[in-house]
Amino acid sequence: MLQSKLFGKTQKFSSREDISINEYFLQKAGFITKTAAGIYSFLPLGFRVLKKIEGVIRKEMEKIGGQEILMPALHPKEYWKKTGRWETMDDLYKLRVNNKEFALGPTHEEIVVPLAKNFIQTYKDLPLYLFQIQTKFRKEKRAKSGLLRQREFIMKDLYSFHENEKDLDVYYEIVKKSYFEIFKKIGIKNYTYLTYASGGSFSKYSHEFQVITKAGEDTIFICEKCKIAINKEIINETFACPICGNKNLKQEKAIEIGNIFKLKTKFSEPFQLYFTDKNGEKKLVQMGCYGIGLGRLMGTIVELFHDEAGILWPKIVAPFDVHLIPIGTQKNIDKTAKKLYDTLQKEKIEVLYDDRKNKSVGEILKDCDLIGIPIRIIVSEKTLKENSVELKERNKKVKKLIRISNLIKILKNLLIL
């Protein structure tokens with residue numbers, strides 16, 4: 001990608017005051033723009049990161065048997081009346097079209113259950129795992145903290161359908177492990193705690209995945225022995241670790257990036273989602289649901305990985321692998337940089353080539369640090385005298401002269417995930 005052609009430019013913000021770190025850097029670096037409170041446009045850089053996160057999640061969902069679908073965002077009122085949530089869900093957006101009422105989907109139990117009912121008839125149709133990655137809408141009273149609390153957001157929601165609670169319990173544990181595999185791949189596992197939360201009326205506990213960050217709006221209490229946490233909402237019920245009973249818990253601020261629930265028959269019952277078992281008996285389908293917020297993940301990554309100059313993207317979700325920068329006006333510099341740009345593309349190494357001529361060297365290097373691509377390559381008169389380029393990793397201070405003939409091999413080793 002030629003940086004001169006990139007839609008969305010770096011911006012100047014005079015202060016970070018009253019703005020979260022993720023919102024500040026993502027807007028300043030040209031990843032997102034704010035349309036209204038809790039509503040953002042993703043520009044090409046931001047959309048690339050979002051798609052990388054989506055790709056990691058999709059791969060893991062498919063690994064555990066998930067089949068991807070896409071359900072509507074516009075939900076007829078009658079589906080929500082069936083479950084009673086039309087009246088009880090206070091963050092539900094409601095609208096009227098031609099005298100018919102609809103909801104903008106904040107979640108999809110009311111749609112996926114009647115959908116599954118069309119195809120689940122006997123035990124042979126179970127278990128079934130359906131997921132989607134789709135826009136959701138919630139009437140947040142306090143939309144703030146950039147991508148950490150939005151009114152319109154993208155979420156991966158997985159729904160599982162089972163013959164019995166035992167099978168649900170087994171799959172629930174599989175999803176837990178899968179979530180930690182996702183967080184490991186994008187580099188945030190060491191900051192993430194499985195957190196015990198209220199299970200509502202259908203289970204003793206649900207589980208959240210909470211990331212420790214000063215920008216978090218949740219309070220969690222960590223058991224260092226078991227490496228799990230308890231959400232503040234249930235801490236008054238049991239000020240102790242639910243696993244080992246430890247009462248010496250550490251309080252932290254955190255952001256919820258995902259959650260998992262055992263729904264059991266909470267939604268299959270109102271929609272009469274039955275199956276016929278091996279003995280010919282009619283039984284209600286057991287269910288689980290499992291969500292991850294993609295925008296929240298993106299915002300959380302920025303909250304965790306940044307310095308004073310800008311973002312430090314983990315390689316797997318970075319918008320590009322390499323930021324290529326020619327410095328100097330000599331023709332051989334541009335010629336070498338252009339040749340390198342073509343070679344990197346042929347080698348399937350994603351590269352942002354800063355071909356801008358209307359910026360000073362200082363501005364170019366500042367933009368490079370701000371955007372946060374993992375590897376910076378500089379071509380200059382000084383490096384070419386050594387038949388080399390200067391290579392610097394964004395998260396390291398050291399700069400290295402690399403011979404051009406060895407560059408591709410070294411880059412491929414650095415970019416191994």
Side-chain angles (χ1 to χ4, degrees), residues 1 3 6-58 70 73-74 91-93 95 103-108 132-157 186 188 211 213-218 254-259 291-306 310-314 317-320 352 367 370-373:
M1 178 78 198
Q3 198 161 342
L6 184 66
F7 177 67
K9 311 296 181 188
T10 54
Q11 306 291 319
K12 289 184 179 179
F13 284 79
S14 58
S15 172
R16 284 193 211 168
E17 196 176 337
D18 295 328
I19 188 171
S20 64
I21 287 169
N22 79 90
E23 185 173 13
Y24 174 79
F25 279 129
L26 288 171
Q27 287 198 84
K28 188 176 182 182
F31 285 79
I32 63 173
T33 62
K34 189 173 184 175
T35 303
I39 304 170
Y40 295 88
S41 291
F42 287 79
L43 306 181
L45 286 175
F47 190 63
R48 287 179 74 92
V49 173
L50 202 63
K51 297 305 281 186
K52 296 280 184 75
I53 293 170
E54 182 180 309
V56 173
I57 293 172
R58 177 176 288 111
L70 184 63
L74 199 60
D91 57 356
L92 189 66
Y93 279 110
L95 63 156
L104 288 175
T107 181
H108 273 70
Q132 66 170 352
I133 298 170
Q134 200 233 34
T135 302
K136 300 283 194 289
F137 303 86
R138 290 187 186 171
K139 201 190 296 182
E140 287 281 1
K141 291 178 181 176
R142 297 178 300 110
K144 60 177 186 176
S145 302
L147 299 185
L148 302 185
R149 186 171 288 279
Q150 297 172 258
R151 291 188 171 120
E152 178 181 334
F153 57 95
I154 297 172
M155 189 168 88
K156 183 283 304 173
D157 42 335
I186 64 175
I188 65 170
V211 172
T213 167
K214 292 176 183 176
E217 292 184 332
D218 290 345
I255 180 68
E256 179 190 343
I257 54 171
N259 54 47
I292 293 180
L294 277 69
R296 277 196 178 192
L297 270 183
M298 184 171 165
T300 300
I301 289 167
V302 177
E303 293 285 340
L304 292 173
F305 305 124
H306 68 273
I311 305 168
L312 293 84
W313 291 110
V317 298
F320 293 93
L352 180 62
D367 282 354
L370 177 61
I371 291 169
I373 293 167

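All values below come from the heavy atoms of this structure, side chains included, with hydrogens, waters and symmetry mates left out. Note that the coordinates shown come from a computational prediction; the quantities given were computed from them, not determined experimentally.
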Any residue meeting side chain to side chain donor-acceptor pair (under 3.5 Å) with D218, in chain and number order, not counting sequence neighbours = Q210

message = Checking K34 now: which residues fulfil salt bridge (charged side-chain N to carboxylate O under 4.0 Å, His left out) with it, not counting sequence neighbours?
response = E23

Aromatic ring proximity, centroids under 6.0 angstrom, W313 and F31 = yes

query = By salt bridge (charged side-chain N to carboxylate O under 4.0 Å, His left out), which residues pair with E54, not counting sequence neighbours?
reply = K51, R58

request  = Would you mind checking if E303 and K214 are paired as a salt bridge, meaning a charged N to carboxylate O distance below 4.0 Å?
outcome  = no

task = May I ask you to decide whether K136 forms a salt bridge with D157, counting only side-chain N to carboxylate O separations under 4.0 Å?
result = yes

inquiry  = Checking the side chain of R151 only, and the main-chain atoms of F137 only, is there a donor and an acceptor separated by less than 3.5 Å?
reply    = no

note = Only one of N22, I21, L26 passes side chain to side chain contact (heavy atoms under 4.5 Å, CB included) with I311, and that residue is L26

ask   = With R296, which residues qualify under side chain to side chain donor-acceptor pair (under 3.5 Å), at least two apart?
value = none

query = Do side-chain atoms of R149 reach the backbone of A143 as a donor and acceptor pair under 3.5 angstrom?
reply = no

query = Who passes salt bridge (charged side-chain N to carboxylate O under 4.0 Å, His left out) against K139, sequence neighbours left out?
reply = none

query = Who are the side chain to side chain donor-acceptor pair (under 3.5 Å) partners of E152, not counting sequence neighbours?
reply = none

